[in-house]
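Step one of this worksheet: look at the structure below.
Reminder, nothing fancy here: chain letters follow the sequence lines and each chain counts from 1. For clarity, every value in this text was computed on a predicted model and none was experimentally measured.
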Protein chains: 2
Amino acid sequence: MENSELLNLEEFLPYRLSVLSNTVSRGIAAAYVDRFGLSIREWRIIAVLGRYPGLSAAEIVKLTEMDKVAVSRAVNRLTGKGRLKRSLSVADKRRSVLVLSKEGKHLFDQISPLAKSYEERLLKCLPREDQDRLSGMLDNLQKQATALRPPD
Amino acid sequence: MENSELLNLEEFLPYRLSVLSNTVSRGIAAAYVDRFGLSIREWRIIAVLGRYPGLSAAEIVKLTEMDKVAVSRAVNRLTGKGRLKRSLSVADKRRSVLVLSKEGKHLFDQISPLAKSYEERLLKCLPREDQDRLSGMLDNLQKQATALRPPD
DNA sequence: ATAAATTAGTTACATATGTAACCATTATAC
DNA sequence: GTATAATGGTTACATATGTAACTAATTTAT
């Protein structure tokens, strides 16, 4: 067996992405999980609905790459706590229409600056030029990874 | 509230990293989870031990950013299935010394090329020059994220 | 030399998660 | 128009996970 076929973990992009993403997610979570009683996934749903009010659960699934059951459950918890309002689409009675409640909006407003501040501190390690490049590369990688993904 | 303080999710680096990492991890997992009966975390431990035989559980924790309980459990499962051998360090009887068994090595040898092939196809979307740049940026980001991480 | 603090790892508990099976509704095929 | 397939979402079950409390071994401070 050619040694070059064996995996060198610390050069392996998927591994590095995963480690980095975990470190970062926990870093941000530290700022809101305890303080606001939100799980990472719940926050993600708040954030996506803060940005795009009126999404359905299925649309959240597509946007966030979260599992549809996970979304269903997080939405239920958030609705139960009064952080989200759910109604049914008139055009398609299967579809839910999700929006932040007043309290949900308030959470979004409070956590947004914390999240952005974290991002800013994180990006300080890259020169401006690299930051823009990185953004483009991530777009390309995401498209490619989506294309490579096996059908469910 | 200044609109600029609100989070724009699709430009938010931590979010994009998380989505990308999930898409990628699932893409690779599709190649081994069912075929070899390995969870993503178990595979990660196989991979790190294939690269660094003799690590302790705590060292795996540091290298992979996995939770120490998660590592303990995955190691137990792998040992139970005969994919890993565990002994105790002579110098420090708390420490485990972990190595792949023959079967574990075989798994590593079989999955490595699949993983590398996935990585290769993923990276096809970036010109060579960007690939090198990306690598350097990920190093910097990882260091920064680690520095920003709150103490446990 | 001994008590206190640290470190490696495991266990117990509550909670979260993924898979598959399941309704209800809407779209498609005939 | 009716049967069939596809879609949105939930539920049930088994399993995985995180937190905190724990044991055992080692290190540090005195």
Side-chain angles (χ1 to χ4, degrees), chain A residues 18 21-23 25-27 29-30 32-34 37-45 49 54-81 84-98 149-152, chain B residues 18 21-23 25-30 32-35 37-45 49 54-81 84-98 149-152:
Chain A
S18 168
S21 169
N22 283 343
T23 311
S25 283
R26 288 189 203 173
Y32 64 77
V33 168
D34 290 342
L38 265 187
S39 74
I40 293 186
R41 279 154 130 140
E42 286 172 353
W43 156 244
R44 191 152 294 167
I45 287 177
L49 285 174
L55 289 178
S56 70
E59 289 166 327
I60 294 180
V61 167
K62 269 189 207 131
L63 278 175
T64 60
E65 291 283 320
M66 282 170 66
D67 184 83
K68 83 175 185 169
V69 181
V71 169
S72 168
R73 288 194 272 228
V75 164
N76 278 322
R77 279 197 303 273
L78 289 168
T79 310
K81 287 187 206 155
L84 230 80
K85 281 186 294 186
R86 167 171 29 198
S87 51
L88 288 184
S89 159
V90 230
D92 181 344
K93 273 174 282 184
R94 295 168 303 182
R95 275 183 116 75
S96 52
V97 175
L98 303 166
R149 179 178 42 194
D152 300 312
Chain B
S18 168
S21 170
N22 283 342
T23 310
S25 283
R26 287 190 204 174
I28 302 184
Y32 65 78
V33 168
D34 292 340
R35 198 168 353 158
L38 265 188
S39 74
I40 294 185
R41 281 156 129 135
E42 285 172 353
W43 157 244
R44 191 151 293 167
I45 287 176
L49 285 175
L55 289 178
S56 71
E59 288 166 329
I60 294 180
V61 167
K62 269 190 206 129
L63 278 174
T64 61
E65 291 281 322
M66 283 170 65
D67 184 84
K68 83 176 186 169
V69 180
V71 169
S72 167
R73 288 193 272 231
V75 163
N76 278 322
R77 281 196 302 273
L78 289 168
T79 309
K81 288 186 204 156
L84 230 78
K85 282 187 293 188
R86 165 170 32 196
S87 52
L88 288 184
S89 160
V90 230
D92 181 343
K93 273 175 281 184
R94 293 168 305 181
R95 274 182 117 74
S96 52
V97 175
L98 303 166
R149 179 176 43 191
D152 298 312

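Taking 3.5 Å as the limit, the base of C/dG18 and the side chain of A/Arg73 contain a donor-acceptor pair of atoms between them.
Screening residues 54-68 of chain A for salt bridge (Lys or Arg N to Asp or Glu O under 4.0 Å), with sequence neighbours left out, gives A/Glu59-A/Arg95, A/Glu65-A/Arg149.
Of the residues in residues 54-67 of chain A, A/Ser56, A/Ala57, A/Ala58 come within less than 4.0 Å of DNA chain D through at least one heavy atom, sorted by number.
B/Ile45 has its CD1 atom 14 Å from the C1' atom of D/dT17, to the nearest Å. The CG atom of A/Asn76 sits 11 Å away from the P atom of D/dG9 (whole-angstrom rounding).
Remark: A/Arg26 engages no residue in a salt bridge (charged side-chain N to carboxylate O under 4.0 Å, His left out) (not counting sequence neighbours). For A/Ala29, the side-chain contact (heavy atoms from CB on, under 4.5 Å) criterion is met by A/Tyr32, A/Val33, A/Ile40, not counting sequence neighbours. Remark: A/Ser21 pairs with no residue by the side chain to side chain donor-acceptor pair (under 3.5 Å) rule, at least two apart or across chains. Taking B/Arg77 as the reference, B/Ser39, B/Glu42, B/Arg73, B/Ala74 meet the side-chain contact (heavy atoms from CB on, under 4.5 Å) condition, with sequence neighbours excluded. In this view, B/Ser25 satisfies the side chain to side chain donor-acceptor pair (under 3.5 Å) rule with no residue, not counting sequence neighbours. Applying the side chain to side chain donor-acceptor pair (under 3.5 Å) criterion to B/Ser18, with sequence neighbours excluded, gives A/Arg44. Partners of A/Arg94 by salt bridge (charged side-chain N to carboxylate O under 4.0 Å, His left out), not counting sequence neighbours, listed by chain and number: A/Asp92. Take A/Arg41 and apply the salt bridge (charged side-chain N to carboxylate O under 4.0 Å, His left out) test, not counting sequence neighbours, and it matches no residue.
Note that the two end axes of the helix from C/dA1-D/dT30 to C/dC30-D/dG1 enclose an angle of 30°, each drawn from 5 base pairs, rounded to 10 degrees.
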Check nucleotides 24-28 of chain D for protein N or O atoms closer than 3.5 Å to its own N or O atoms and list the pairs.
residue	atom	partner	partner atom	Å
D/dA25	O3'	B/Lys93	N	3.4
D/dA25	N3	B/Arg94	NH1	3.3
D/dT26	OP1	B/Lys93	N	2.7

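Using a 4.0 Å heavy-atom cutoff across all strands shown, B/Arg86 reaches sugar-phosphate atoms only and no base atom. No engagement by B/Ser39 is indicated, since no non-hydrogen atom pair under 4.0 Å with the nucleic acid exists.
Between B/Ser72 and A/Arg77, the residue anchored closer to the 5' end of DNA chain C is B/Ser72, taking for each the nucleotide with the nearest heavy atom.
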